[in-house]
Amino acid sequence: MKVLVFIEQRENKLKKASLEALSVARKIAGSAASVAAVVVGGSIDSIAGELKSHGADTVYTASGASFENYNVFNYAAAVQQAIKTFSPTVVLGMATPMGKDLFPRLAARHDAGIATDLIELEANGDKIVGLKPMYSGKAYAKVTFEGTSIQFATLRANVFKADASDGSGAVTKIEVAAADSKLKTVEIRKDKSEKVDLTEASVIISGGRSLGSADAFKILHEAADVLGATVGASRAAVDAGYASHEMQVGQTGKTVNPNLYIAAGISGSIQHMAGMRTSKVIVAINTDPEAPIFKIANYGIVGDLFQVMPILTQKLKELRG
Amino acid sequence: MKILVFLKKTPDTESKITISSNNTAIESGDVKYIINPYDEYAIEEAIQIKEKNAGTEVVIASFGDESVRELIIKGLAMGGDRGLLISNEGLANLDSLGIAKVLAGAVKAEKADLVLVGKQAIDDDNMHIGPMLGELLDWAHVNVVNKLVIDGTNATAEREAEGGHMEVYKFALPAVIGANKSLNSPRYAALPGIMKAKKKPFDVKKPADLGVDAGSLKSKVTVTSYQYPPQKAAGQVFKGEAVDAMVAKVVKALREEAKVL
Ligand SMILES: Cc1cc2nc3c(=O)[nH]c(=O)nc-3n(C[C@H](O)[C@H](O)[C@H](O)COP(=O)(O)OP(=O)(O)OC[C@H]3O[C@@H](n4cnc5c(N)ncnc54)[C@H](O)[C@@H]3O)c2cc1C
Ligand SMILES: Nc1ncnc2c1ncn2[C@@H]1O[C@H](COP(=O)(O)O)[C@@H](O)[C@H]1O
């Protein structure tokens with residue numbers, strides 16, 4: 001089975017999660033078949049070089065000014081060209097904001113089937129079978145493909161391992177005819193933080209309404225700095241203006257899947273848990289022993305977060321020494 | 001200007017999801033159904049655009065069975081002008097591309113200038129329909145939009161990407177916009193409004209009436225079974241000890257048991 005992987009970058013920096021897709025591609029392709037990667041961006045030579053050691057046999061690149069920023073028309077044109085050149089059976093990407101924008105458009109362009117946000121993926125002959133969380137993770141669906149020449153799929157970040165493996169890594173520049181983009185990028189605004197996005201973070205520390213002010217989030221940031229964690233928030237904290245909307249975890253915020261999720265002063269509403277219940281390890285800190293968050297926590301501390309967090313930060317510092 | 005808003009019927013966020021005994025379906029019995037929450041932002045945005053642009057018509061449409069009628073009427077009560085129910089008879093399990101083809105047919109039949117959808121339906125959690133509609137119509141799409149400004153036939157939209165990046169795009173209409181939560185605050189449809197909305201024009205159509213070839217609507221992706229997520233084992237909760245001691249125990253467990261530090 002020939003598998004093409006869309007490798008993401010922003011500002012010419014490889015999105016690490018893409019290596020997870022590349023590893024999965026290597027596994028489902030089988031030893032005889034080849035795995036190709038396609039990288040689209042402004043200046044991406046060093047990214048293309050990195051992919052060899054993660055199992056790419058061929059690396060298609062499309063670079064230049066028109067690919068500097070994400071634009072669905074230009075990026076779709078580039079991936080379309082790679083598909084035309086490589087004729088894959090499966091096209092894999094990550095279920096990131098970029099992947100979720102690009103892949104459905106590509107699937108429609110190729111009149112092909114698509115499955116999004118998979119947490120398991122296996123090959124069955126020339127077909128792939130995936131497992132997809134639905135209903136905010138309250139149920140998982142087994143999805144299969146039929147009657148489609150190409151199978152498009154995106155994977156949830158942090159679920160699959162990014163293994164090193166050897167590929168021949170031959171880099172081929174693809175010539176992409178300029179797409180007539182109907183979208184013009186005016187601006188890309190960034191908030192101040194350079195932190196890893198919540199959906200890709202491997203450690204998250206979230207605060208709730210009980211923080212009481214935007215300023216109080218500082219005690220979470222202090223612990224986050226020690227762990228290299230990203231700070232999240234409940235909707236109550238966002239609505240109260242203590243945290244920005246991008247930080248919201250849950251049904252109407254981000255769905256996250258870190259190795260460690262620390263919930264400080266969050267009650268554990270259904271909607272909040274919808275966004276973080278698949279975290280591998282959950283730690284809850286709450287003054288109320290009956291708080292629902294303790295039901296899904298691996299470890300809990302019944303206590304005041306304003307006392308717990310500084311001690312936690314201190315102990316983590318000692319550990320990291 | 002004509003705006004078409006698509007809404008989907010989804011289970012209420014509080015609903016317990018129960019899988020049928022043969023594992024092939026989600027039980028609908030005890031579930032309370034609502035307008036997909038993001039679609040309410042789409043409806044609200046359409047109404048606000050209409051309020052600023054005289055002569056705008058807002059059509060509220062859904063592809064589903066007769067039970068979506070009351071949800072469309074709720075959209076009309078919020079301020080939509082006309083309802084359109086596209087019957088999914090015989091097509092209830094169509095995949096997202098099939099649904100997008102039906103909706104694209106409706107857009108063409110209605111000659112809409114602007115299409116508003118939710119960024120994502122909270123049942124399938126797909127985020128497919130917005131981008132697919134853009135492609136099928138050969139229009140621009142911007143999904144996960146926090147801010148939209150329409151100025152004649154030009155528009156500016158802010159899309160929320162990862163890491164707090166906001167991508168700001170300019171484009172010409174027609175276009176497809178996928179509404180995110182920060183776009184606006186949806187108004188409440190009060191009961192008298194709902195009574196009045198029942199008198200607004202309402203059409204029921206089949207895909208074929210919209211020029212959609214039923215033969216092209218074969219699902220390429222199928223759900224073959226459902227399962228529950230694995231249950232978590234009961235956790236260890238520390239209480240009533242000195243804070244310092246409890247924190248030490250948790251840190252030790254995270255390091256030695258869970259191996260995440
Ligand atoms: C359609 C819909 C969508 C929603 N989407 C989301 C979503 O995406 N994300 C989300 O989070 N919510 C969402 N909500 C809101 C959700 O229902 C809850 O209201 C919200 O999650 C509560 O946030 P919280 O836990 O911070 O606040 P609360 O529920 O008020 O909980 C505060 C907790 O802090 C504890 N506490 C107080 N003081 C301290 C202290 N000093 N130390 C330690 N603990 C303390 C309390 O015991 C309590 O458990 C949604 C709701 C609806 C209806
Ligand atoms: N059956 C449907 N009828 C009308 N609109 C739909 C339907 N399914 C999806 N949509 C629209 O497409 C959006 C995204 O859905 P999805 O791609 O399924 O996550 C929803 O928020 C709706 O606005």
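Just so we're on the same page: letters track the sequence lines, and every chain starts at 1. Predicted model, so just to flag it, every value in this text is computed and none were measured.
Applying the salt bridge (charged side-chain N to carboxylate O under 4.0 Å, His left out) rule to pairs touching residues 137-146 of chain A yields nothing, sequence neighbours excluded.
Of the atoms belonging to A:Leu198, not a single heavy atom falls under 4.5 Å from chain B. In this structure, the portions of A:Asp101 lying under 4.5 Å from any heavy atom of chain B include both its backbone and its side chain. Proximity to chain B involves both the backbone and the side chain of A:Leu312, based on heavy atoms less than 4.5 angstrom apart. Using a 4.5 Å cut-off between heavy atoms, A:Ala297 contacts chain B through its backbone alone, with no side-chain atom that close. For B:Lys218, no part lies under 4.5 angstrom from a heavy atom of chain A. Contacts of B:Pro229 with chain A are made by both backbone and side-chain atoms, with heavy-atom separations under 4.5 Å. A:Lys295 does not touch chain B: none of its heavy atoms, backbone or side chain, sits under 4.5 Å away. Interface remark: A:Asp111 contributes backbone and side-chain atoms alike to the contact with chain B (heavy atom separation under 4.5 Å). For A:Val186, the parts lying near chain B are the backbone and the side chain together; criterion is any non-hydrogen pair under 4.5 Å. Residue contact with chain A, scored on non-hydrogen atoms closer than 4.5 Å, is absent for B:Ser216. Contact of A:Thr185 with chain B is made through backbone and side chain together, with heavy-atom distances under 4.5 Å. Residue contact with chain B, scored on non-hydrogen atoms closer than 4.5 Å, involves the backbone and the side chain of A:Gln307 alike. For chain A, the nearby parts of B:Ile122 are the backbone and the side chain; heavy atoms of each come within less than 4.5 Å.
Scanning both residues, B:Ile26 and A:Ala139, for their nearest heavy atoms gives CD1-CB, 4.3 Å.
For a heavy-atom cut-off of 4.5 Å, chain A lies close to B:Asn126, B:Met127, B:His128, B:Pro131, B:Met132, B:Gly134, B:Glu135, B:Leu136, B:Asp138, B:Trp139, B:Ala140, B:His141, B:Val142 in residues 126-142 of chain B. Of all residues in residues 248-255 of chain B, those placing a non-hydrogen atom less than 4.5 angstrom from a non-hydrogen atom of chain A are B:Ala248, B:Val250, B:Val251, B:Ala253, B:Leu254, B:Arg255.
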Could you tabulate the donor-acceptor pairs under 3.5 Å formed by side-chain atoms of residues 157-164 of chain B, not counting sequence neighbours?
| residue | atom | partner | partner atom | Å |
| --- | --- | --- | --- | --- |
| B:Glu158 | OE1 | A:Arg189 | NH2 | 2.9 |
| B:Glu158 | OE2 | A:Arg189 | NH1 | 3.4 |
| B:Arg159 | NE | B:Glu167 | OE1 | 2.9 |
| B:Arg159 | NH1 | B:Asn143 | O | 3.3 |
| B:Arg159 | NH2 | A:Pro97 | O | 3.0 |
| B:Glu160 | OE1 | B:Asn146 | ND2 | 3.0 |
| B:Glu160 | OE1 | B:Asn180 | ND2 | 3.2 |
| B:Glu162 | OE1 | A:Arg10 | NE | 3.2 |
| B:Glu162 | OE1 | A:Arg10 | NH2 | 2.6 |
| B:Glu162 | OE2 | A:Lys15 | NZ | 3.0 |

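In this structure, a donor-acceptor pair under 3.5 Å is absent between the side chains of B:Lys220 and A:Gln151.
Taken from NZ in B:Lys259 to CG in A:Leu260, the straight-line distance is 15.0 Å, to the nearest 0.5 Å.
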For this session: Take B:Leu261 and A:Leu319 through the test side chain to side chain contact (heavy atoms under 4.5 Å, CB included) and record every step on the way to the result.
Result: CA-CA 9 Å; B:Leu261 288 183; A:Leu319 202 66; 3.9 Å; yes
